[in-house]
Protein chains: 2
Amino acid sequence: MTVTLADVAARAQVSPATVSRVLNGNYPVAAATRERVLRAVDDLDYVLNGPASALAAATSDLVGILVNDIADPFFGIIASAVQSEIGGPGGRAGGERMAVVCNTGGSPERELTYLTLLQRQRAAAVVLTGGASEDAGHAEAMTRKLRRLTEAGTRVVLCGRPPSPDTGAVALAFDNRGGGRRLTEHLLGLGHRRIGYIAGPRERTTTRHRLEGHRAALAAHGVEDDPALTVHSPYDRRSGYDTTGELLRRAPDLTAIAASNDTVALGACAALRDKGLRIPADVSVAGFDDLPFSIDAAPALTTVRLPLHEAGARAGRIAMGKEEPPPGGVATVHGELMVRGSTGGPR
Amino acid sequence: MTVTLADVAARAQVSPATVSRVLNGNYPVAAATRERVLRAVDDLDYVLNGPASALAAATSDLVGILVNDIADPFFGIIASAVQSEIGGPGGRAGGERMAVVCNTGGSPERELTYLTLLQRQRAAAVVLTGGASEDAGHAEAMTRKLRRLTEAGTRVVLCGRPPSPDTGAVALAFDNRGGGRRLTEHLLGLGHRRIGYIAGPRERTTTRHRLEGHRAALAAHGVEDDPALTVHSPYDRRSGYDTTGELLRRAPDLTAIAASNDTVALGACAALRDKGLRIPADVSVAGFDDLPFSIDAAPALTTVRLPLHEAGARAGRIAMGKEEPPPGGVATVHGELMVRGSTGGPR
DNA sequence: TTGAAAGCGGTACCAG
DNA sequence: CTGGTACCGCTTTCAA
């Protein structure tokens, strides 16, 4: 049926142990013997049995990457950067490591499920990307799960997510609070005082932090934080569109809108256009993340550029043990304010 | 150290076999016994050993999804649809199946590597998405690899990719030729005669098919196919931007540009704007795929909407054996022409 | 309905 | 440098 390592050994006239050594390449084997084995492998079209290998070695070459929304380039960029660092030689058996990206869809349960699945697969490392749920129960379950993973020898890296103390997980956190603050400060600096804010989904770290930054900016400028000016919305275009309508209904006098990310900001822009408002002449708009297409979609969009690729790559290297974790296991990654034509003040 | 099924058995005072049966749920077990086992599992925080399980059962719960570019929503949308069909109960041991998306970056070698890795993991199914390389050597290697996979019992589904005859792979192909043709016909119908065409990367099925459609439309209307009007470009915004410059240099008299996909079209729009040209007043632009944000980026963009989500979901169901493959193992999925303001004729 | 035991296909330690 | 050989942890007949 399926050809096994023993078959290869037989054909190459060596012991299974030797074949294993050749395949793993981490043990001295005579060149001639290696040749013979490799030829046998080729002749038989042999493919190593991953599960058997992982079972015996008590570790696998899988690296999990958890993302909240695989259709969102924010995560795609990070995942692709992580993955490019994962690849290459150095893995066991046959070389390549396998980066697998798991789409949680933002669901805490799925997140835990995937972690269990990865734990089950004895993953070599796990990278969790993007904001985390702040539900108390879930947070506690996550802490336990992450601790178990690190205790079992799985390297855990949080990328764009706040630290998870006492779990052994390394964190590359994004400075969402600072970014949010600078974004709103920019708008305030232009003279805006009635600023609508489209926050992300409730109970998410990114949502809270960016909102806190926004409020800190308002407070610092002595501007009232009118509750009517803040609405919550999932991180997608459609929701951004819808909530913008709500915002305009509540506060027709607003002169600027800050959105929790670029995708939402795009929806906001679309809604404004559909209502006949001009950007930034009538309403200035600010986003977050600076995804590649946002400049096309909204040339006047001011936003915060997070170094997604760099952060992902670093997370990947740390997950692979190619780079030392930051001191204390925690580093903060800052974004750059991209000012682009929201230069208009309030109308 | 790590708790095993035997530990659970001991604690529950049953045999390992019984624990296994409870966990897999596909065998009659007395309710009381089940209870006891489940409690033990919980007490011990037991997590099934995936590799061991896969080894013994000679199959795993992994489902691979191969994508050319994980940062491109085109693939993200398909992947997320596939994955939502994969999930849910029905899998072995513990329920959930694990969908893993593998980013080939469009590289044929990586594609083969990932397939080998999935083969190694004894994946339950594999879904390959998007255009394929047309390099003869690679195509042959792929055929062999796919055949091996299906022979080993792995279900293989091609989604948005042409059929691979005699491999046992099911194909849901996109009608790229027809879409490309209708797009160009639309521009011709508006009176355009000098139409620049930004084709995709060379040696890709999508590139060739869409280009063939474009040429078929030109031929049908008796319009000369000037080679200077066609340039090749990778499927990304930057390349679309750059090649548009090249196109305008070569043919300053063009009145419309058809791009191989929306991302490229976005780059084209940006380039046109930067050169002071208006869309569609000066130059009409057409794209392909109709990604969610493209309407924001270029409200005047005419494009072809492929049912990415539906196709992905169907591919997922077929991969899971939840839906019958189409007759002959091949189905063609058609796109819908989205006409949006490229209504201007040539200037 | 439950238990006993024979593998599944490699790995790595121990000899030689 | 190479071979022999206990496991790795679970699944699955076969009996009871």
Side-chain angles (χ1 to χ4, degrees), chain A residues 1-38 40-41 44-61 91-94 117 119-122 124 152-153, chain B residues 1-38 40-41 44-61 91-94 117 119-122 124 152-153:
Chain A
M1 252 261 312
T2 105
V3 27
T4 75
L5 183 143
D7 300 332
V8 175
R11 190 172 226 278
Q13 321 234 55
V14 297
S15 74
T18 300
V19 177
S20 174
R21 294 199 264 257
V22 170
L23 261 27
N24 287 300
N26 41 14
Y27 223 82
V29 173
T33 314
R34 182 204 316 294
E35 275 312 301
R36 218 146 20 94
V37 170
L38 257 22
V41 166
L44 268 38
D45 248 319
Y46 170 68
V47 175
L48 191 69
N49 184 317
S53 170
L55 170 58
T59 169
S60 87
D61 278 341
R92 295 170 354 73
L117 256 25
Q119 186 181 2
R120 201 176 270 180
Q121 303 294 333
R122 304 299 186 255
Chain B
M1 250 265 310
T2 104
V3 27
T4 73
L5 182 142
D7 300 332
V8 176
R11 189 172 225 280
Q13 320 234 57
V14 298
S15 74
T18 301
V19 178
S20 173
R21 295 199 261 256
V22 170
L23 261 27
N24 287 299
N26 41 15
Y27 223 83
V29 172
T33 314
R34 183 206 313 294
E35 275 311 302
R36 217 144 23 91
V37 170
L38 257 20
V41 166
L44 268 37
D45 248 319
Y46 171 68
V47 175
L48 191 70
N49 183 316
S53 168
L55 171 58
T59 168
S60 85
D61 278 341
R92 294 169 355 71
L117 256 26
Q119 187 179 2
R120 204 176 270 178
Q121 303 295 333
R122 304 298 187 255

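By convention in this document, chain letters (A, B, ...) are assigned in the order of the sequence lines, proteins followed by strands, and residues within each chain are numbered from 1.
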*asked:* Counting the atoms with a prime plus P, OP1 and OP2 as sugar-phosphate, which does B:S20 contact under 4.0 Å by heavy atoms, base, sugar-phosphate, or nothing?
replied: base
Select base, sugar-phosphate, or nothing to describe what A:V19 touches, counting heavy atoms under 4.0 Å on all strands. nothing
Between B:T18 and C:dG3, is there a side-chain N or O to OP1/OP2 distance below 4.0 Å?
-> yes
Problem set entry | Presence of B:N49 side-chain N/O under 4.0 Å of D:dC8 phosphate oxygens OP1/OP2 | no
If you check every side-chain atom of [X], which of [options] has the closest atom?
X     : options              : answer
B:Y46 : D:dG9, C:dT1, C:dT11 : D:dG9
B:A56 : D:dC1, D:dG9, C:dG10 : D:dG9
A:S15 : C:dT11, D:dG9, D:dG4 : D:dG4
B:T2  : D:dT2, D:dC1, D:dG9  : D:dG9
B:L5  : C:dG9, C:dA4, D:dT11 : D:dT11

Between B:A6 and A:A17, the residue closer to the 5' end of DNA chain D by nearest nucleotide is A:A17
- Task: Kindly indicate whether the side chain of A:R21 and the base of D:dG3 share any N or O donor-acceptor pair separated by less than 3.5 Å?
- Result: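 Counting by modelled atom types and ignoring angles, a donor-acceptor contact under 3.5 Å is found here.
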Atom [atom1] of [X] and atom [atom2] of [N]: how far apart are they, to the nearest Å?
X      : N     : atom1 : atom2 : answer
A:E35  : D:dC1 : CD    : C1'   : 16 Å
B:R122 : C:dG9 : CZ    : P     : 8 Å
A:D7   : C:dC8 : CG    : C1'   : 13 Å
A:L55  : D:dA6 : CG    : C1'   : 13 Å

task = Would you mind reporting whether B:N49 and B:T4 have side-chain heavy atoms less than 4.5 Å apart?
result = no
